[in-house]
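A note on names: the letters A, B, ... follow the listed sequences, proteins ahead of strands, and every chain is numbered from 1. Values in this document were obtained by computation on a predicted structure and should not be read as measured data. Computation of the quantities below employed the complete heavy-atom set of this structure, encompassing side-chain atoms and omitting hydrogens, waters and symmetry-equivalent molecules.
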Amino acid sequence: MSFEINKSVIVSDFNLFDSWEERYEHLIDLGKSLEPLDLDFKNNSNLVEGCQANVWLVCEIKNEKLNVMGDSDAIITRGLVALLVRLFNNCSVKEIIHTNNSFLDEIGLNKHLSMTRSNGINAMIKKIHEYCLNYIKK
Amino acid sequence: MSFEINKSVIVSDFNLFDSWEERYEHLIDLGKSLEPLDLDFKNNSNLVEGCQANVWLVCEIKNEKLNVMGDSDAIITRGLVALLVRLFNNCSVKEIIHTNNSFLDEIGLNKHLSMTRSNGINAMIKKIHEYCLNYIKK
Amino acid sequence: MFELKKIRSDFPILSKKRNEKSFIYFDNAATTQKPQEVINEVCDFYTHYNSNIERGMYFLADESTKKFNDTRSIVRSFLNAKLNEEIIFTSGCTQSINMVCFGFLNTFIKPGDQILIGKMEHHANLVPWQIASNRLKAKIIPLESSENGVIDMSDFKKKINSKVKFIAIQHISNITGHENNIQEICSIAHQHNAFVLVDGAQAVSHKSVNVHSLNCDFYCFSGHKCFGPTGVGVLYGKKDLLLRMTPLLFGGNMIGRVSFSNSSLGDLPQKLEAGTPNIAGVIGLGAAINYISSLGFNNIKLAEKLLAEKMWSALKAMNNIALSIKAPPQSPVFSFNVKGIHSYDVGTLLDEMNICVRTGSLCAQPAIKELNSTGFVRASLCFYNTEEEIELFVSALKKVIKLL
Amino acid sequence: MFELKKIRSDFPILSKKRNEKSFIYFDNAATTQKPQEVINEVCDFYTHYNSNIERGMYFLADESTKKFNDTRSIVRSFLNAKLNEEIIFTSGCTQSINMVCFGFLNTFIKPGDQILIGKMEHHANLVPWQIASNRLKAKIIPLESSENGVIDMSDFKKKINSKVKFIAIQHISNITGHENNIQEICSIAHQHNAFVLVDGAQAVSHKSVNVHSLNCDFYCFSGHKCFGPTGVGVLYGKKDLLLRMTPLLFGGNMIGRVSFSNSSLGDLPQKLEAGTPNIAGVIGLGAAINYISSLGFNNIKLAEKLLAEKMWSALKAMNNIALSIKAPPQSPVFSFNVKGIHSYDVGTLLDEMNICVRTGSLCAQPAIKELNSTGFVRASLCFYNTEEEIELFVSALKKVIKLL
Ligand SMILES: Cc1ncc(COP(=O)(O)O)c(C=O)c1O
Ligand SMILES: Cc1ncc(COP(=O)(O)O)c(C=O)c1O
């Protein structure tokens with residue numbers, strides 16, 4: 001899997017929709033399909049700061065590849081988590097640290113999600129990036 | 001002496017002048033002609049609050065008539081003190097407590113002195129009034 | 001008379017479009033919109049007579065000083081206080097409360113004394129008391145609230161005793177829109193020699209406040225929540241109490257004599273207004289109160305009652321809406337949940353439909369917990385809102401529920 | 001280039017008439033006038049996107065929150081600070097200083113410790129330290145000033161010792177317009193492990209400030225003294241020191257978790273910004289700083305240098321003028337007396353001639369005493385003042401002297 005492939009799949013998925021209703025329905029469906037996080041993982045250390053709803057992200061690296069799981073108590077935020085899981089899961093650490101947030105524009109989310117929310121997603125992306133960077137530094 | 005007579009003299013004096021320069025010269029002359037207050041009287045209890053320059057006022061009542069002396073370290077304010085001395089000195093206490101501040105308009109001072117300053121003169125008049133009222137209450 | 005169309009046109013923002021559509025502002029409890037008069041007054045100050053106040057002796061300073069102090073009279077009569085010097089201008093309700101917490105409480109509270117605080121209070125009327133009582137080793141006792149978020153009077157009567165020295169309560173709740181019985185609370189408190197501070201942040205835009213008949217010791221509010229500018233607020237206090245108060249801030253304009261060996265404080269109200277105040281803000285607040293007066297609270301109450309009734313029955317008619325209240329509120333504030341749905345999701349989708357509501361803990365976490373919630377959707381209305389907006393809101397809500 | 005006519009037209013108040021004549025504003029040290037950009041920015045906020053910040057999640061709240069936080073970046077780069085969270089928005093310079101006095105000092109000062117304070121300080125940078133040191137049983141030691149009102153460095157070097165924990169000084173004097181050598185003071189202070197707060201109220205409108213190269217620990221200023229709105233100010237502090245600070249105000253927006261049993265504080269900068277801030281004020285301050293940047297401090301310095309030189313030689317040429325300084329000032333501020341005449345009389349008559357100056361103790365009584373005066377006439381200029389105004393001022397002054 002590579003980030004670029006994941007991204008293009010997501011972008012073309014979103015491009016199928018014309019209305020904001022459909023985009024949200026898609027996001028909500030993504031959220032609903034996300035495997036719930038084990039309660040053990042829903043602790044403060046996995047909580048992502050800077051999101052209005054509770055968001056937990058759990059990162060793990062195996063064979064230089066990221067494995068990321070997450071959850072949220074709000075379904076739209078959960079959809080965003082699912083999006084990031086699809087985007088980053090199984091990507092190589094090296095690739096991830098070179099991605100930037102511009103893909104938010106490319107999948108048309110920056111336009112549709114208000115600042116606070118994209119702040120939320122930015123916080124999630126930051127957490128993933130930092131995890132990968134820390135891994136490389138070691 | 002009565003307040004009304006004093007007032008009309010002062011009003012007609014001021015009416016002689018067309019320019020603000022002349023009015024101020026008159027006020028300053030009044031200030032210069034005011035007998036300086038004895039140093040003993042220049043204490044905190046005679047200080048009038050609410051004036052930007054230091055103003056001291058000393059009231060005394062003899063035969064139901066007010067005797068007022070005063071001073072200031074600023075010459076224009078001193079002129080205002082002199083004006084009040086001319087206005088109130090030797091007037092009966094009963095008459096004084098029935099006067100109001102409207103004479104400030106009549107002598108054209110409210111128009112020419114800015115609020116802070118007329119505040120100062122208001123504070124002086126208030127002090128004189130209160131002195132007379134207290135005397136009557138006793 | 002109260003002509004809604006005319007009134008809406010007084011508020012320029014209300015004709016704003018987003019994506020070519022008009023929007024619905026239902027977050028009035030967070031901050032109200034501003035009438036053109038207020039905006040003009042602020043501009044006018046900066047454009048025509050901007051200058052510092054009190055100390056200058058030139059014509060501009062005369063004008064700004066006069067306007068500033070005229071506002072003190074406007075606020076005094078707005079609250080029906082006795083004296084101008086009982087009106088202190090602050091940077092907002094939060095500062096007003098903190099001033100009492102940290103400048104008055106310490107003058108008489110002893111370790112072991114008690115402070116009663118409602119369970120429904122906004123953080124601004126809770127956290128400062130926690131910190132202050134911690135420092136002074138006093139004890140905070142929470143007051144239970146009955147089902148609509150007002151102080152449970154029987155609990156209050158049980159808890160008041162000679163150790164209680166202070167009571168901090170809100171006039172109207174920012175969550176439930178219900179009103180506390182301030183007059184009775186003050187009267188009982190005073191029988192026990194306790195002082196009362198009333199947080200009026202959510203009251204002054206909805207009803208006429210009379211500190212004299214309430215007989216509260218302190219009352220405070222924010223300008224921005226009653227159609228005035230941001231960064232300005234009011235602390236009313238009874239004169240003898242303000243005289244006893246230690247200022248929270250020290251600096252220019254508030255002192256008598258200053259030397260390196262010692263300094264003396266000035267008189268009220270300056271003593272409690274250190275530094276250059278928010279002059280434009282204060283003057284703008286005066287314009288806001290004049291605007292309120294021009295409408296009249298009778299008209300405001302009437303208009304808001306209609307809105308509240310309509311909203312109440314509309315929400316009651318939806319069976320998946322869990323309201324935080326059991327009876328219609330005194331001011332048009334509605335906090336609720338859509339059953340099984342996070343408040344945040346509701347707010348997100350309402351925003352897509354140009355509807356502004358607040359979601360989450362509403363700066364009152366203990367209150368939210370007390371109401372068995374983790375966060376509400378709050379629609380808070382104001383006289384300039386319309387019945388049509390309520391209808392649009394309700395259908396938007398139905399659409400949200402279908403989407404989620 | 002710096003086109004004075006264009007620049008004057010940026011400030012609408014400067015074309016105001018009084019009694020059909022234009023006026024001269026020489027009280028810029030008290031507060032500066034506002035360019036149209038700033039007025040527009042404030043109006044624009046209220047007209048188009050007024051809403052509370054941080055907590056709302058709808059489009060208006062996004063816009064105001066973004067604008068508010070953009071200003072934090074603007075101020076950060078204006079002061080050349082490293083981090084946005086080192087910029088705290090306050091209600092003004094006075095509040096900024098009080099926050100450090102009452103929220104930082106107490107975290108490390110012990111009875112007997114010393115605080116050094118310049119003899120020329122404004123009351124805002126003296127009285128709070130007096131009160132705080134009184135409470136903490138620390139000692140205030142005045143620093144002598146040399147003839148132009150700047151810290152006498154040899155006195156400073158004599159007085160600094162291991163007991164000195166804090167130094168509070170102004171960047172530029174509001175009386176003499178002369179500048180302290182902040183960089184050297186900070187460097188010496190830090191060798192002795194003392195912290196330095198710089199009161200920049202009179203500096204930020206005149207020169208580019210770089211807190212990084214000054215290496216001060218705290219820096220503060222007021223918006224209204226640098227072309228911004230009233231009711232807003234800034235406290236810059238090094239991050240590790242701000243983290244140690246106890247807030248002066250508690251309330252909404254600044255806490256983490258709140259319950260009746262205990263509450264935790266939030267992160268920087270919110271921790272130190274309790275309650276709804278002066279949103280319009282902050283956004284207007286951003287516009288003011290952008291305006292300053294558009295002119296450029298090089299140009300501002302050049303223009304003000306010319307004005308200062310002209311004023312200096314004009315006043316020096318009058319033999320009945322007693323200036324408070326022996327050398328031309330770094331910023332165009334001139335405090336003086338007309339020999340034998342009360343400052344108040346001079347101000348009164350200048351006002352009649354439409355000239356705005358400040359008179360009296362200039363909120364710095366100990367400084368006035370130090371300069372052997374009982375009160376000055378202060379003419380404080382700004383880049384939008386003109387050489388012609390200086391000529392008019394000088395002839396007005398001559399007329400005043402003749403009249404008195
Ligand atoms: C009941 C109540 N009290 C206090 C406040 C605090 O007001 P401000 O943030 O304007 O200081 C608010 C505003 O959110 C409120 O609703
Ligand atoms: C040197 C100095 N420090 C502090 C202040 C206080 O500023 P503010 O009144 O805006 O808080 C002033 C303003 O008068 C000043 O000139």
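- Between F260(D) atom CZ and E370(C) atom CD the span is 8.5 Å, to the nearest 0.5 Å.
- The candidate from N50(D), T47(D), T94(D) with the greatest count of non-hydrogen atom pairs under 4.5 Å with chain C is N50(D).
- Relative ring orientation between F23(D) and F59(C) is described as perpendicular, the plane-to-plane angle rising above 60° on a 0-90° scale split at 30° and 60°.
- Per-residue heavy-atom pair counts under 4.5 Å with chain D were compared for C101(C), C356(C), S263(C), S361(C), and the maximum is reached by C356(C).
- Scanning for salt bridge (Lys or Arg N to Asp or Glu O under 4.0 Å) contacts around K67(D) gives E41(D), with sequence neighbours left out.
- When heavy atoms are compared at a cutoff of 4.5 Å, V42(C) approaches chain D solely by way of its side chain, counted from C-beta outward.
- Of the residues considered (P128(C), G360(C), C363(C), P12(C)), P128(C) shows the highest number of contacts with chain D, using heavy-atom pairs under 4.5 Å.
- Looking at every heavy atom in both residues, H48(C) comes nearest to K16(D) through O-NZ, 2.8 Å.
- Between chain D and the residues N125(C), L60(C), N354(C), the most heavy-atom pairs under 4.5 angstrom are made by L60(C).
- Looking at L248(C), the atoms closer than 4.5 Å to chain D (heavy atoms on both sides) sit in the backbone and in the side chain alike.
- Taking V127(D), N262(D), I131(D), V258(D) one by one and counting their heavy-atom pairs under 4.5 Å with chain C, the maximum is reached by V258(D).
- Heavy atoms closer than 4.5 Å to chain D are found in both the backbone and the side chain of K119(C).
- Expressed to the nearest 0.5 Å, how far CZ of F250(D) lies from CG of L126(C) amounts to 12.0 Å.
- Proximity to chain C is limited to the side chain of H224(D), based on heavy atoms less than 4.5 angstrom apart.
- With respect to chain C, the highest number of heavy-atom pairs below 4.5 Å among G233(D), G92(D), P229(D) belongs to P229(D).
- Ranked by heavy-atom pairs under 4.5 Å with chain D, the first of A364(C), G252(C), S15(C) is G252(C).
- By the 6.0 Å contact criterion, CZ on R135(D) is enclosed, its count of non-hydrogen atoms from other residues, nucleotides or ligands being greater than 12.
- Taking T246(D), V38(D), I279(D), V232(D) one by one and counting their heavy-atom pairs under 4.5 Å with chain C, the maximum is reached by I279(D).
- Residue C43(D) comes nearest to I39(C) through the heavy atom pair SG-CG2, 3.8 Å, listed as atom of the first residue, atom of the second, then distance.
- Using a 4.5 Å heavy-atom cut-off against chain C, the contacting residues of residues 25-32 of chain D are Y25(D), D27(D), A30(D), T31(D), T32(D).
- With a 4.5 Å cut-off on non-hydrogen atoms, I255(C) touches chain D through its side chain but not through its backbone.
- N52(C) approaches R358(D) most closely through the heavy-atom pair CB-NH2, 3.8 Å.
- Residue contact with chain D, scored on non-hydrogen atoms closer than 4.5 Å, involves the backbone of S259(C) exclusively.
- P142(D) touches chain C through backbone and side chain together, each having a heavy atom under 4.5 Å away.
- If you measure heavy-atom distances from L350(C) to chain D, you find no contacts under 4.5 Å at all.
- Residue contact with chain C, scored on non-hydrogen atoms closer than 4.5 Å, involves the backbone and the side chain of L249(D) alike.
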Could you walk me through whether T230(D) and Y46(C) pass side chain to side chain contact (heavy atoms under 4.5 Å, CB included), step by step?
CA-CA 10 Å; T230(D) 57; Y46(C) 289 127; 3.5 Å; yes
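- Looking at I97(D), there are no atoms closer than 4.5 Å to chain C (heavy atoms on both sides), in backbone or side chain.
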For V357(D) and Y58(C), what are the C-alpha separation, side-chain angles and deciding distance, and is it a side chain to side chain contact (heavy atoms under 4.5 Å, CB included)?
CA-CA 7 Å; V357(D) 296; Y58(C) 46 86; 6.0 Å; no
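- In this structure, chain D has a heavy atom under 4.5 Å from the side chain of Q130(C), while its backbone stays farther away.
- Using a 4.5 Å cut-off between heavy atoms, N253(C) contacts chain D through its backbone alone, with no side-chain atom that close.
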